[in-house]
Structures are given as structure tokens and as C-alpha cells.
Amino acid sequence: MKFAAPATVRLPARLLAITAPALALASCAPAESSTQSASGVSPVTGTLFVANKRGDSLSQIDLATGEEQFRVSACKNPHELAVSPDGGHVALACYGGTQIIIFETSRSLVAQRLLLGENAQPHGIVWHPNGDLYVTAEGRKSIYWIKDPLSVAPKQLEYATGQEGSHMLTVSPDGNHAWTTDLGSKTVTLVDLKTRRAPRSVEVGIEPEGIALTPDGKTLWVSARRSDKAFALDPMTLEIRSEVETGVFPLRLAIRPQGDVAVTSDLGDTSLTVIDLASAQAVRSIAVDDRANATKRAQVTILWSADGERIYVAETGTNTVAEVDYRTGEVLRRLATGEGGDGMAILSGNSE
């Protein structure tokens, strides 16, 4: 079912059927640099999954060695990823089409294909602790709630946002609400997943994209990439509480699992802006590379390790992922990916 599109509330800009894909064994390329930090971070284990949007593939990287274990053919222009709560599967949003592909994490084989509506362009994706999938359908100005995605007949519910470019999303811990960033409409949209109530949208900066909810569910953080700002919002009223200056073009925003800081991925100057959540102040900037290399690196998605000690930064232009020591800001190594590595997900080992 698809619920009716909402009326938009504008705020002043200043306030603002199952077949396995061809399995291609990669050459197990090592990390660009395997230098370990002397800063005292714990040894890292686990598996990093990377969506290679130009290579139409999915990479599986062993974090202990930094080597790519497998690369599998996926779909056209895959972007975002999400790991299942039990770690057994990873779901890939195929932005260049209409499907979600779910792989087994142990063997990188296709376990499920979920076909969405015409022109869906699925992008942002969340595999919720409740076991359900939530995904934006940018081409349909909507989001999907997919119940029991691994079952024989998963149930799909579609909710209209009515906004252009509903790109990224986050979902409340109780699964009652979802929020999207709508690039084309310059809005953030709140969707009530348990009722037919019309969603609510407000303008937040210019081209809002990054989005994350604090672990306590009390604050929604959004980065607007052409405003060079991050915004703290009331999740339910969407009132803007604070504005924080960031680096240039903060494409994404991720909150540390410990809930103390947020980091923006500043594509325009290859930096990470660290924001203290209690004070809503930028407290430091981490240089992932020299600013002169911003165009070359094309830094995009960021991801925290479960222990909050490392930040993984996808560098789409150089087919690498930078592993950054959060405490010191040191780039520990660069991991080789497929062509155009973008969306990431971690299946943790004992580093948790």
C-alpha cells in the first residue's frame, strides 16, 4: 500500500525468485598501507562489506589482514548496505534499478531478491534490530518497510514522502518512525510507520543528506552538504535546535556507538568534523588526506567500528577505504576495494 503524500511545512532557510550472481574471486589485493598505529587501539577483526557502485559489485574485506577476500557481481550501481541483526546476511540497495539483493555473509551467495516498484531507485537502507528492512525509493518519492525480508513472501509497505530525492534514512529504536533526507526538496521528512498519518517535511539547509538519530532517540542530526553545516533537530516536531559549522560539503553524518560525538564526512576538503553532541559544538577536525586531494579521493560514506575506536571512510575516487584512528586522527591504512567503493557495513569480530 502507498499512503498519500503530505503537505510540506516550509521553514526559513536561515533556520534551517532467487539466483546466485556470478561469483568473481578478487585478486585479494592488500591494503595500500598496512602500517599499524602505536596509539594503543585494539587489534581489529571482523569483515567489511563495500558496495562498489562503478564496479556493480560487492566486496568482502578481512579487517584483520586488510585483504579483499571475495568480490561478487551484484547489480547496477549499488550504493548502501545493511547487515542483518544476527550477522548472517547483508542487504544491498541497487540504486540503478528496483531491487534489494540479500547475500549470505558466510559464502557471499544470493539468499533473496526483493523487487520494489517501478523506478524505485533504492538507496538508503536500514536492517532494524526488529528484523525488518527499511529503504528509501528515491525514484518513487517514498520509503519501503519490508517485513520478514528473508521469508518466502516478505510483506512490503510503501509510504510516500512526497519529496524530491528521498535519499538517506534512519529509523527509531522502536520501529514506529522513520526520517529521510530529501536532497531535491531541501527537506527532512518524518514518516509515522504505524499509522496512515501524512508525513511531515521541513526545510533544513541546502541539500540535506547525512542523517542519524542519537542512541537515546532524543535528537535527530542532519548534515546539509551545500550549507557546510550540521543541524540538530527535535525528532518529532522537526524544529531546528542547533546549527554547527562543518568542513566543506558534509556529505554524510555518523554518530559514534557510544553516543558522545557525531562525525561528518567533508568531501570538499577530505576532513572529518567531530561534533560534541552534549554541547552541539564542533570540537576538532580530522584530516583524512591533504585538501588538494579532495577531488581525487571523492570521500563519501563513513562508518564507525563497534568499539568507537576507528572510523572507516570510503574514498570512491581512489577505490579505497581509509581506516582512521579516532583518538589520534591517524590514517592507519587504506584498504583496496572494487571500483567506486561507497556504501559500507561491518560484520564485527571480537573487536566489539
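Numbers here simply count residues along the sequence, with the first being 1.
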Would you please say whether a donor-acceptor pair under 3.5 Å links the side chains of [X] and [Y]?
| X | Y | result |
| --- | --- | --- |
| T246 | D228 | no |
| Q163 | T189 | no |
| S271 | D266 | yes |

Would you mind reporting whether [Y] and [X] have side-chain heavy atoms less than 4.5 Å apart?
| X | Y | answer |
| --- | --- | --- |
| S166 | D182 | yes |
| T301 | E80 | yes |
| W179 | V222 | no |
| R71 | N52 | yes |
| R297 | V313 | no |
| W221 | T214 | yes |
| L183 | R225 | yes |
| T105 | T47 | no |

Exactly one of [options] should register a side chain to side chain contact (heavy atoms under 4.5 Å, CB included) with [X]. Which one does?
| X | options | value |
| --- | --- | --- |
| L335 | V50, L63, T320 | L63 |
| R226 | K186, E207, E209 | E207 |
| M344 | L303, I61, I302, V300 | L303 |
| I102 | L114, V110, V90 | L114 |

Find the distance between [atom1] ([X]) and [atom2] ([Y]) and round it off to the nearest 0.5 Å.
| X | Y | atom1 | atom2 | answer |
| --- | --- | --- | --- | --- |
| L220 | K218 | CG | NZ | 15.5 Å |
| I143 | Y134 | CD1 | OH | 9.0 Å |
| K229 | T264 | NZ | OG1 | 13.5 Å |
| R54 | N319 | CZ | CG | 5.5 Å |
| N119 | R140 | CG | CZ | 7.5 Å |
| E330 | D325 | CD | CG | 6.0 Å |

Could you walk me through whether S108 and L58 pass side-chain contact (heavy atoms from CB on, under 4.5 Å), step by step?
CA-CA 9 Å; S108 296; L58 172 68; 5.6 Å; no
Counting N and O atoms only, with roles assigned by atom type, does the side chain of [X] sit under 3.5 Å from a partner on the main chain of [Y], one being a donor and the other an acceptor?
| X | Y | value |
| --- | --- | --- |
| D132 | D148 | yes |
| D276 | V261 | no |
| D192 | H177 | no |
| T195 | R197 | yes |
| S59 | T337 | no |
| T180 | L169 | no |
| Q156 | L115 | yes |
| R256 | G308 | yes |
| Q112 | P149 | yes |
| T316 | G341 | yes |

Please report the shortest heavy-atom distance between [X] and [Y], naming the atom on each side.
| X | Y | result |
| --- | --- | --- |
| S172 | N176 | OG-N, 3.1 Å |
| G329 | R284 | N-NH2, 3.8 Å |
| I125 | A91 | CD1-CB, 3.8 Å |
| P235 | L238 | O-CD2, 3.5 Å |
| I275 | A230 | CD1-CB, 3.7 Å |
| L193 | W145 | O-CZ3, 3.4 Å |

Are [Y] and [X] connected in a single hydrophobic cluster, I mean Ile/Leu/Val/Met/Phe/Trp/Tyr linked by side-chain heavy atoms less than 4.5 Å apart?
| X | Y | result |
| --- | --- | --- |
| V244 | L277 | yes |
| V288 | W304 | yes |
| I255 | F231 | no |
| L233 | I211 | yes |
| L150 | Y144 | yes |

Aromatic ring pairing Y95/H123, orientation class (parallel under 30°, perpendicular over 60°, tilted between)
perpendicular
Could you tell me whether Q258 atom CD has more than 12 heavy atoms of other residues or ligands within 6.0 Å of it?
yes
Regarding E164 and K141, does a basic nitrogen lie under 4.0 Å from an acidic carboxylate oxygen?
yes
I'd like to know if R241 and D234 make a salt bridge, using a cut-off of under 4.0 Å between side-chain N and carboxylate O.
yes
Can V44 and R333 be said to form a side-chain contact (heavy atoms from CB on, under 4.5 Å), step by step?
CA-CA 12 Å; V44 62; R333 55 185 176 169; 3.3 Å; yes
Check the pair D289, K296 against side-chain contact (heavy atoms from CB on, under 4.5 Å), reporting the backbone distance first and the verdict last.
CA-CA 10 Å; D289 199 353; K296 170 188 172 184; 5.8 Å; no
Mind running side-chain contact (heavy atoms from CB on, under 4.5 Å) on H89 and E104 for me, showing each step along the way?
CA-CA 5 Å; H89 297 84; E104 296 179 10; 4.0 Å; yes
